[in-house]
Structure formats: C-alpha cells, structure tokens
Amino acid sequence: GSRWDVSAFSVIAQLVPIKQLQELYSTGAINFRMRHGSRVPDHVTGRGNYRIPYERSRYSYQAALVAPPLLLQKRWLSSSDCNTALGSHFQKVLWNTVVNGTTCSEPFVCDNKLRENSEEFLSCARTPSKDEMALQKFFGRTPIELKGALVFAEFVQTIVESKIVVRDLEPIETQSFIDSQTREVQISMTGFSAQYGIASCITVTALFGTDMRASWNIE
C-alpha cells in the first residue's frame with residue numbers, strides 16, 4: 001500500500017490570523033529542525049538519486065554586486081505635539097474619535113497601547129537627540145552609527161521580497177518600513193567590473209519632509 005509522511009500538526013479551535021500563524025511557525029521551527037525526515041532513508045526509496053538541473057543563463061552585465069545592497073534609514077521620534085496648534089488639536093480629536101467610537105467598541109477590541117497613547121494612531125515627528133535615538137528599536141533592531149549619525153540598517157532583499165519578517169518572535173509587515181517617522185532612506189550598493197577592474201559605490205537617497213526628494217551618487 002501507499003505510505004504517508006506527515007509532519008507534526010496542531011488543532012486550534014479558532015480562526016488564526018496571519019500574524020499569529022507566522023508566530024506559531026517561528027516558535028515551532030526549533031522543534032521541526034530536530035526532525036530528520038522519514039524512517040526510510042532516501043537512498044532506499046530512490047528519492048536520493050533525483051537531481052535538479054541548474055538552469056543557467058549567460059551573465060550579460062558588465063558589472064556584478066560585491067555584496068547585498070543595504071537599506072539605511074534615519075528616523076524622527078513620534079510626538080503628539082505637532083508644528084502647529086491646529087495640527088496637535090486634529091491629532092487628538094482623531095484619536096479620541098477612534099478609541100471612544102465604534103472602532104474600539106464591542107465586538108471590536110483595541111489594544112491598551114492605542115487606548116493610552118494617541119501617538120499609536122497618528123503622530124507628528126520631532127528631531128531626537130543622539131542619546132534618545134540610541135535607545136530606540138525599529139523592526140526589532142537597535143541603530144548603528146555611520147558617519148556620525150545613527151541609522152537603522154536592513155538588507156534591501158529582506159524588505160522588498162518578504163511581506164513579513166519576524167524579530168524577537170514578533171511578526172512585522174515589511175510595508176511599514178517607511179512610515180510617518182521616516183526621515184531619510186538610503187540604498188547603498190557596491191559593484192565591480194571584471195572587464196575594467198573598476199569598483200563603484202552607488203548611493204540612492206530619498207529625503208522625506210513636506211515632499212519627497214530623491215538623488216543619486218556614483219563614486
């Protein structure tokens with residue numbers, strides 16, 4: 001007869017949101033790594049003899065990346081005090097409308113952070129001191145110092161190609177990497193041309209303020 005290989009599973013008596021499902025997967029990954037597969041090894045079943053051919057194409061570019069591109073972000077700190085009195089008033093009115101309205105009333109539930117802090121819903125921005133920024137965490141990471149400034153660093157591939165990353169067992173949607181506290185985003189990559197023996201550092205910078213301004217530089 002047929003033989004089935006079934007991995008460990010669990011039954012939960014409720015609808016599981018995608019964030020909780022991602023967390024369950026992350027916390028259970030350690031146990032799954034301890035499992036070494038079926039009791040019948042591949043060389044007995046014949047599956048171990050199967051090979052997947054590498055589909056290659058000719059590399060047609062004159063340069064190649066030396067390392068994965070980096071994504072660096074400078075940030076403001078959130079604040080309920082906006083640049084104008086009207087802005088501050090609007091921020092608090094909007095928050096009160098949400099936490100005391102139907103959005104946070106039964107059968108819906110809002111978390112305590114949102115109920116206690118108006119900045120959790122909508123916030124303005126302020127320039128932090130270097131000591132303040134050193135204590136911050138963003139996407140589960142603390143800032144690093146680069147050219148005298150504190151920045152949060154990620155690989156471009158992590159943010160662009162993944163919808164969710166898990167940091168400290170907490171799922172985070174990558175679409176929130178740029179938010180109202182984003183001050184500056186910089187993409188930095190280094191390429192090398194074997195033909196000409198030239199290395200180039202390419203930097204693309206976007207500044208966020210009343211508008212977004214982008215510039216690039218090659219060295």
Side-chain angles (χ1 to χ4, degrees), residues 17-23 25-26 65 67-84 86-88 90-95 97-99 103 110-111 113-114 116-191 201-219:
I18 184 64
K19 291 183 179 181
Q20 184 180 350
L21 187 63
Q22 180 69 41
E23 183 177 354
Y25 169 79
S26 302
L65 290 176
L70 288 178
L71 187 59
L72 309 174
Q73 181 176 159
K74 295 179 182 179
R75 294 181 59 77
W76 284 297
L77 287 186
S78 61
S79 175
S80 59
D81 295 325
C82 304
N83 292 333
T84 65
L86 180 59
S88 299
F90 175 78
Q91 189 264 356
K92 291 179 174 59
V93 168
L94 196 59
W95 171 70
T97 302
V98 170
V99 297
T103 303
C110 294
D111 59 76
K113 286 184 177 180
L114 177 59
E116 296 171 1
N117 187 357
S118 63
E119 297 173 17
E120 291 289 328
F121 181 73
L122 174 68
S123 66
C124 293
R126 66 179 178 87
T127 303
S129 67
K130 194 171 183 178
D131 291 338
E132 285 181 310
M133 185 54 70
L135 299 175
Q136 301 300 310
K137 292 189 71 173
F138 180 64
F139 265 61
R141 299 189 185 279
T142 54
I144 61 173
E145 186 166 353
L146 182 66
K147 296 181 179 179
L150 292 176
V151 299
F152 295 91
E154 292 283 352
F155 288 117
V156 171
Q157 186 178 13
T158 300
I159 302 301
V160 173
E161 297 189 2
S162 303
K163 292 184 177 181
I164 293 177
V165 296
V166 178
R167 302 281 165 77
D168 300 327
L169 301 181
E170 181 70 25
I172 307 173
E173 295 181 349
T174 53
Q175 67 178 7
S176 63
F177 185 77
I178 295 179
D179 58 14
S180 58
Q181 271 70 63
T182 300
R183 179 180 178 185
E184 177 182 315
V185 171
Q186 185 179 99
I187 298 176
S188 180
M189 63 191 84
T190 301
C201 182
I202 305 167
T203 303
V204 180
T205 304
L207 301 176
F208 295 82
T210 54
D211 58 357
M212 194 278 288
R213 291 174 293 165
S215 60
W216 57 273
N217 182 55
I218 301 179
E219 297 178 352

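What you see is a predicted model, and the numbers here were worked out from it, not measured in a lab. The basis for the numbers below is simple: all heavy atoms, side chains too, and nothing from hydrogens, waters or symmetry mates.
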Tell me, do [X] and [Y] make a side-chain contact under 4.5 Å, heavy atoms counted?
X	Y	answer
Leu71	Val185	yes
Val99	Leu114	yes
Ile202	Trp216	no
Phe90	Leu86	no
Thr174	Val165	yes
Ile172	Ser176	yes
Ser188	Cys201	yes

So does [Y] get a backbone contact from the side chain of [X], meaning a donor-acceptor N/O pair under 3.5 Å?
X	Y	result
Thr205	Gln186	no
Ser162	Ile164	no
Thr97	Val93	yes
Glu154	Leu72	no
Glu116	Lys113	no

Can you give me the closest heavy-atom contact between [X] and [Y], atom names plus distance?
X	Y	answer
Asp168	Gly140	OD2-O, 4.2 Å
Lys74	Leu150	CG-O, 4.2 Å
Phe177	Phe138	O-CZ, 3.3 Å
Asn117	Trp95	O-NE1, 3.7 Å
Met133	Pro143	O-CG, 3.3 Å
Thr182	Gln73	OG1-OE1, 2.8 Å

From CZ (Phe121) to OG1 (Thr103), nearest 0.5 Å: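 One gets 7.5 Å once the value is rounded to the nearest 0.5 Å.
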Distance-only donor-acceptor check, side chains Thr142 and Gln136, under 3.5 Å: no
CZ/Arg167: more than 12 non-hydrogen atoms of other groups inside 6.0 Å: yes
Crowding at CD, Glu132 (>12 non-hydrogen neighbours, <6.0 Å):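 More than 12 heavy atoms, drawn from other residues, nucleotides or ligands, come within 6.0 Å of this atom.
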Carboxylate-amine/guanidinium proximity below 4.0 Å for Lys92 and Glu119: no
Lys/Arg-Asp/Glu bridge criterion (N-O < 4.0 Å) met for Glu184, Arg75: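 No, this pair does not count.
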Criterion side-chain hydrogen bond (donor to acceptor under 3.5 Å, both in side chains) against Gln181, the qualifying member of Ser78, Ser79, Ser123: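 Only match with Gln181 under side-chain hydrogen bond (donor to acceptor under 3.5 Å, both in side chains): Ser123.
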